[in-house]
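Written out below as C-alpha cells is the structure these notes cover.
Just so it is clear: chains get the letters A, B, ... in the order the sequence lines come, proteins before strands, and each one is counted from 1.
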There are 2 protein chains.
Amino acid sequence: MVTLAEVAQHAGVSASTVSHVLSGKRSISATTRQRVEQSIRELGYHPNAGARALAGKRSNIIALMIPLRTDMYVPVMMEIAIAAAATARTHGYDVLLLTGEEGPDAMILMDVELEDQRLPLLRQTDRPSVLIGLPADTDGLTCVDLDWSATGALCVEHLAALGHRDVAVIGEAPAVYERHTGFAERTLDGLRSRARETGVRVLHRPCDGGYDAMAVTLARILDERPATTGFVVQNESAVEPLLALLRQQGRAVPEDVSVVAVCPDQVAVQASVRLTSVAIPAQEMGRYAVEHLVAKLDGRGGDEVVLIVPELTVRASSGPAPAAS
Amino acid sequence: MVTLAEVAQHAGVSASTVSHVLSGKRSISATTRQRVEQSIRELGYHPNAGARALAGKRSNIIALMIPLRTDMYVPVMMEIAIAAAATARTHGYDVLLLTGEEGPDAMILMDVELEDQRLPLLRQTDRPSVLIGLPADTDGLTCVDLDWSATGALCVEHLAALGHRDVAVIGEAPAVYERHTGFAERTLDGLRSRARETGVRVLHRPCDGGYDAMAVTLARILDERPATTGFVVQNESAVEPLLALLRQQGRAVPEDVSVVAVCPDQVAVQASVRLTSVAIPAQEMGRYAVEHLVAKLDGRGGDEVVLIVPELTVRASSGPAPAAS
DNA sequence: AGAAGCTGTCGAAGCGCTTCGACTGCTTTT
DNA sequence: AAAAGCAGTCGAAGCGCTTCGACAGCTTCT
C-alpha cells in the first residue's frame, strides 16, 4: 500500500504539500503540483479513506437506508440505489447500504412513512439527510419525491379528456395503506379532487399484486360500477394481471377500456399492451438525493422539499371512451 | 461525539482496557468488563469506524459491485444486495455499493461474465473476493452460484417424466448470450444433455422480454415444432407474455401445454398461473457470499466454488402431456 | 521457599491523513 | 529604503483507535 508519505518522498516534498495538492486548500506552484501528480500516478497512490475520515472529520460516505421488505417497487428501489451510487462517486462519496437503523454522517432514507419512526432521531442529530418520500411533517427536512398528488390528477385528467366518466383506481396492496407510506394516499387525493372538477366518478380499490387478487378486485369493481371504462393502476404487479383479465373478458384495450399506469417506463413498454403511463423517475430521485446531500455536506443549501413534476406518456393503452350505449 | 478515551475515563480504566473489552482479544475481569460496558451504554459510545480501520488495518467494509444496467433480473439483484447487507451487519461489516471498478479491501462481484474483464485484476490483488456467478476459469477464485446446469436438467426431467416429448426453451435475451454471462449457456447444456438421456427433443430460442418479442418467438417455435407441449422459460419477463399468448391461442395450461419457469418464487406465485418453477435463491447467494468473504477475512477458508442445488417446485403450470393425437 | 507461570491492567507507539502556525524569499506599498 | 504583504513550503500536532511490551499481583509447581 502506497502512503502519502511515500508520495511526498518520491516527489521530494513534504507530506503536507502533497496533501495540499490533493485538497487544493492552499496554493501550490505549478511545477511542484505537477511533480507531485506525477509521483501519485507513478506510485499508484490511493488515499486511505479511513485515515482521511479520521483526520478530516468527514467520512465521504453516504448511507442509503433500504427497506428490508422486498414486496414492493423493487425495480424502483434498485434504480434509485444505482443512480445514487453513481452520483455519489462523481462527488467523491461512496454509498453504504444500510438495512438497520444507525448510520454514519450523512444518509438517504427510502420508503419513508408518514409518521416515520426514524424522523425524531433524524431531527435531533445534525447529520444531513435526504428523504425519498414525504412524511406528514416535512419541517426541517429535505425530501425528494414524485408529486404524487399531481400524478393522480394527471391520470384522471387524461382519462377525462378522452371522455371517460367512470374510472376505477387499482391501488397499492392494502399493506401499503396500513403502513401509511403516504404516496398512495396522496395519489388518491390528487386524483379525487381532479375527478370532482372534471365530473368523473372514481372508485378506489387497494389490490395485492398477482393474478388472483386482481381477479377478485376486478370482479368487485365491475360489479359495483359496470359502466367503468377507465382504469388507473398504481400497483406495478397488478398491471399485467389486469390486462390479461380484461382480454379474457372480451374487453379490448384501448377500444373498450383505457388503462393508465403509474410505473417505470421500462415496465410500461414491456407490458402486453404498451401502456399509457406516468413514469416513476427513480434515477432522477436517486441523483437528486445525493446531490442535495453533498450540497448540505458542503454547507450549501438548506432544507427543501422537491416535488418532481410528473409526466404522462400516451401509449397504446388509452383511447376515447366508447360511445355510451 | 463520545470517544473511547472518554469511556475509559468514565469507567476509571485505561483506553486499552476499553479496547480489549470491545475486541475480546485479551481477558478482562468480569467486574471491569461490566463497569466498562455500563459506561459505554451510559455515554452512548459508538466506535469510530475510520479510526478503527486506520489502527486495525481492516476496514470492516465489503464492497458490492452491482451492474449498472438495469435491464435484467433486477429483483434478483436487489434480493442479493439486501441479503448481503443484512448478513454483513451481523458480522460487523458494512456493505458499500460500487458501480465503478476500484474498491476497498473485500468485495463481491455480481453479474460475472465468462471472461470477465475484472478477473485479471482480482487475481493479482490479495484482497479477498467472492463472485456471484461462474466465470470460465474459476481457478483461485471463490464463487457462489445456482447450479444452472442441474437447473436445466431438472426442468426437462420434470417435463419428460410427465410425458412431454417436444420441449421449447425460451431463453434469455440475445444480449445475455452475446455478453457470455455463462449461466444461460450452462442451463442449456444441462438441459440438452438430460434431454438426450430422456429422449426429449429440445428447441431453444433466445427471447427479449415483453409481449411483442414473445409473440414473434412463440410463433416461430410453433411453426417449427407444432407438437411442442412443454416450455422452459428462463427469462422472467417473458413468462407473463407467454402465458397470455398461450391463453389467447386457446392452449390451456397445464392441460394442453406445460410451462416450467426459472425465477424467484415470488414471481412464480404471482403469475397468472401459479408456475411450476426452479427457484433462484437470491437471498441464499447473498448470504453465502458475505459469509465466505468474512471467513476469508478472518483467515479461515480458502477458495471454493459453491453450486447451490436447484429445487423444483411443482405448481399449477405443469401436468401430464396430452395424449398424442 | 523460590522459580515459573498466569491474569488483568496500563502506557505508549503508531496507523495515514489534515491542518495550523511558522518560516522563507519575493513583490508591492508607503 | 524600510515596512508590509503574499505565495509557496514545511514541521508538528493530533484525529480515535489497536496492539505490543511491560509489570504488578496472584497461584502453582518443584
Side-chain angles (χ1 to χ4, degrees), chain A residues 1-40 43-61 92-94 102-105 127 297-299, chain B residues 1-40 43-61 92-94 102-105 127 297-299:
Chain A
M1 153 165 261
V2 187
T3 72
L4 189 152
E6 294 173 304
V7 173
Q9 191 177 4
H10 186 269
V13 296
S14 77
S16 49
T17 302
V18 176
S19 177
H20 289 136
V21 168
L22 255 25
S23 68
K25 296 204 175 172
R26 215 103 144 179
S27 55
I28 299 285
S29 69
T31 53
T32 308
R33 152 172 291 112
Q34 276 167 14
R35 207 140 36 83
V36 170
E37 282 168 352
Q38 173 69 16
S39 297
I40 289 179
L43 270 47
Y45 167 72
H46 274 292
N48 172 317
R52 209 164 221 193
L54 224 206
K57 323 297 262 159
R58 40 145 68 179
S59 66
N60 278 45
I61 286 189
Y93 286 82
D94 278 317
E102 58 130 334
D105 312 347
R127 302 168 166 180
L297 286 166
D298 289 354
Chain B
M1 153 166 263
V2 187
T3 71
L4 188 151
E6 294 173 301
V7 173
Q9 190 175 6
H10 185 270
V13 297
S14 78
S16 49
T17 302
V18 177
S19 178
H20 288 137
V21 168
L22 255 24
S23 69
K25 296 204 175 170
R26 215 104 146 176
S27 55
I28 299 287
S29 69
T31 53
T32 309
R33 154 173 288 111
Q34 277 166 13
R35 205 138 38 82
V36 170
E37 281 167 352
Q38 173 70 17
S39 297
I40 288 179
L43 269 47
Y45 167 72
H46 274 292
N48 173 318
R52 213 165 217 192
L54 224 206
K57 319 300 260 160
R58 39 147 65 185
S59 66
N60 278 44
I61 286 189
Y93 286 82
D94 278 318
E102 56 127 334
D105 312 347
R127 302 167 167 180
L297 285 166
D298 289 353

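In this structure, B:Ser23 reaches neither bases nor backbone, as no heavy-atom distance under 4.0 Å exists between it and the strands shown. Residue B:Thr3 is classed as a sugar-phosphate contact, given heavy-atom separations below 4.0 Å to backbone atoms only. Contacts of A:Ser29 with the nucleic acid, taken as non-hydrogen atoms under 4.0 Å apart, involve only primed sugar atoms and P, OP1 or OP2. B:Ser19 comes within 4.0 angstrom of a nucleotide base, judged by non-hydrogen atoms across all strands.
Remark: P of D:dC10 and CG of A:Leu4 are 12 Å apart, rounded to the nearest angstrom.
Using a distance-only test at 3.5 Å, with no hydrogens or angles considered, no donor-acceptor pair links the side chain of B:Ser19 to the main chain of B:Ala15. Without hydrogens or angle criteria, B:His10 side chain to B:Glu6 main chain gives no donor-acceptor distance under 3.5 Å.
From the 5' end on, the contacts that DNA chain C makes with chain A at under 4.0 Å to a non-hydrogen atom open and close at C:dG16 to C:dA22.
Across every non-hydrogen atom of A:Arg35 and A:Ala11, the tightest pair is NH1-O, 2.5 Å. In this structure, A:Val7 and A:Val36 approach most closely via the heavy-atom pair CG1-O, 4.4 Å.
Each of B:Ala51 and B:Arg26 has a nearest nucleotide on DNA chain C; the 5'-most of these lies closest to B:Arg26. Mapped onto DNA chain C by nearest heavy atom, B:Ser14 and A:Tyr45 fall at different nucleotides, with B:Ser14 at the one closer to the 5' end.
To the nearest 0.5 Å, the span separating NE2 on A:His46 from OG1 on A:Thr3 amounts to 14.0 Å. Of the inter-residue distances, the one linking B:Leu4 atom CG with B:Ser16 atom OG reads 9.0 Å to the nearest 0.5 angstrom.
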